[in-house]
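Note sheet for the following structure.
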Amino acid sequence: MSAESASAIPKGQVDLLDFVDWSGVECLNQSGSHTIFNALKQGYREDEGLNLVSDADEQLLIYIPFNQVIKLHSIVIKGPEEEGPKTVKLFSNKEHMGFSNVNDYPPSDTVVLSEDNLKGKPVILKYVKFQNVRSVTIFIEDNQLDGETTKVEKIVLYGTTVETTDMKGLKKIEDH
Amino acid sequence: MICIDNSEWMRNGDYPSNRLEAQSDACKFICCAKTQSNPKNAVGILTMAGKGVRVLVTPTSRLRKMLAFMDGLNIGGEVNLAAGFQVAQLALKHRQNQKQQQRIILFAGSPVKQDKEVLEMIGRKLKKHNVDLDVVSFGEEDEGKAEKLEALVAAVNNSDNSRIIHIPPGARDLSDVLFSSPLFAGNGFAEAITAATVAAKAWPDYDFGVDFNLDPDLALALRASMEEEKARQEATAKKAAEEAAKHEKGEAQSTSQYVIMTENFSARRSKTENKAADQMDDNDLLQQPIAMSMDVSSSSIATRDMEADFEALELSVQDRCDRMLADQSFVSSFLAKLTRLPGVDPNNTTVKDYLASMRGQPEQKGENKEQQEDKKL
């Protein structure tokens with residue numbers, strides 16, 4: 001598969017970036033100078049020099065809430081060949097998770113990233129498990145070479161929105 | 001989450017009353033500061049020694065509840081740091097407001113038994129879970145305790161949000177030291193405490209026999225006048241130094257007494273330079289304070305300008321000295337003050353000689369001799 005088609009958006013799906021509730025995004029064990037926004041935000045994530053880097057050890061826990069209900073179809077996680085993430089567990093609608101309770105719940109899906117995936121090939125998730133998603137928690141368990149630091153260059157979520165009303169988008173109608 | 005050390009080591013009385021009492025006071029102080037700085041802040045307390053780690057209060061924002069549990073702490077056993085941290089972390093994990101930043105404040109008064117590596121591991125774990133750590137190290141100081149705790153804090157530290165303070169045994173309260181420490185400076189707690197408390201805590205040396213807490217205005221007024229007086233005294237002292245130097249120049253007297261005096265005045269600014277003061281000739285002695293004031297006031301001016309300024313300043317100082325000497329009332333009041341200064345012995349022969357020579361001057365000019373005599377005696 002060529003690079004262009006690998007990074008192409010899956011058919012019928014959209015980039016869910018516009019629906020992320022930025023005030024609620026959290027990342028545990030991120031390095032102070034290399035935060036989650038380097039991997040998630042538009043513009044920053046395209047820059048290969050800006051990474052999300054783990055701090056105390058190789059694990060990372062990323063919590064991404066959305067401002068409306070979505071269906072998650074696939075995910076792209078880009079990273080360097082050696083320090084890129086390997087085992088990634090995804091949880092839907094689990095709030096306030098910590099490293100101590102990642103094993104308390106069964107993950108909605110577990111992905112082992114290949115070299116192709118790290119270069120930008122989307123990973124198709126178990127679509128049925130991500131039908132009514134308000135938030136997604138991404139737990140990066142280890143990296144390719146079992147090193148102490150994990151680097152993530154880019155995270156993109158593809159999916160569709162569920163036909164609901166975005167309550168935050170509602171404006172009060174002023175009386176005349 | 002505050003971790004209190006209630007091990008047997010806390011019976012020691014090297015802090016006011018005993019270590020546990022001092023700790024408990026400091027703890028109350030922290031609780032008050034935290035709740036006042038933001039009403040949503042929640043504080044929990046646990047003890048690390050005794051039969052096991054015991055959580056006294058789970059994180060709560062009710063000050064009364066925290067304070068109620070602080071009294072009647074039991075002393076016993078030895079501290080179990082690892083278990084303490086685990087329990088504290090668990091308590092923090094189940095906090096009510098999940099958006100709040102987690103922080104552990106550790107009081108460590110007993111020796112640390114764990115290895116440095118173990119502590120660093122604990123530290124990394126805390127950091128991974130996004131928990132900040134403040135360590136208050138006091139009491140026992142053996143077996144590289146400071147080093148171990150520093151390593152622990154260094155392992156947790158992430159963009160300077162974890163701190164350590166060492167409090168050596170001494171007369172002052174734990175809470176006093178805590179107040180002026182970065183533990184409180186960083187998070188805006190200081191503003192939460194009223195100005196009155198600040199005055200009372202930060203300047204414990206000024207004892208006017210008045211409770212500042214009862215009357216903050218009075219405290220402020222007293223402090224202002226105190227500082228004014230201090231500034232005035234310093235100015236007088238400086239003038240005196242200059243004048244003394246000037247006189248020596250003219251009269252070529254024995255210098256020892258005045259060199260000591262000048263040294264005292266300028267010691268505040270620089271100790272090293274003064275070592276050479278004895279060997280300096282009088283002219284240098286005069287220039288030294290001027291040079292110092294130059295350094296302070298105009299460090300940014302270029303060197304060339306400085307030299308020009310220096311000459312101008314020297315001239316003006318000399319001019320002023322001359323004028324001051326001409327003013328008899330000033331000279332007499334200065335002499336009267338001189339004899340009252342703590343370091344000056346009025347019976348010293350040098351001083352007597354000098355006073356006599358001063359007395360001689362007005363005689364020559366034939367002015368106000370009677371008054372001068374009265375003032376001097």
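Treat the numbers as computed from the prediction; the structure is a model and nothing was measured. All chains are named by letter (A, B, ...) in the order of the sequence lines, taking the proteins before the strands, and each is independently numbered beginning at 1.
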*Please check if atom OH in A/Tyr44 has more than 12 non-hydrogen atoms from other residues, nucleotides or ligands closer than 6.0 Å.*
no

_For B/Gln96, I'd like to know if atom CD has over 12 heavy atoms of other residues, nucleotides or ligands within 6.0 Å._
no

_Electrostatic pair A/Asp57:B/Lys128 at N-O distance under 4.0 angstrom_ = yes

*Given a strict heavy-atom distance threshold of 4.5 Å, which part of A/Gln30 is in contact with chain B: side chain, backbone, both, or neither?*
backbone

*Is the closest side-chain heavy-atom distance between B/Lys93 and A/Asn101 below 4.5 Å?*
yes

*Assess whether atom CD of B/Gln100 is packed by more than 12 heavy atoms of other residues, nucleotides or ligands within 6.0 Å.*
yes

*More than 12 foreign heavy atoms under 6.0 Å from CZ of B/Arg62: is that the case here?*
no

*Heavy-atom pair of closest approach, residues A/Ser100 and B/His129*: N-NE2, 3.6 Å

_Under the side-chain contact (heavy atoms from CB on, under 4.5 Å) test against B/Lys127, which residue among A/Asp55, A/Leu28, A/Asn29 passes?_
A/Asp55

*Answer yes or no: does atom CZ of B/Arg54 have more than 12 heavy-atom neighbours from other residues, nucleotides or ligands under 6.0 Å?*
no

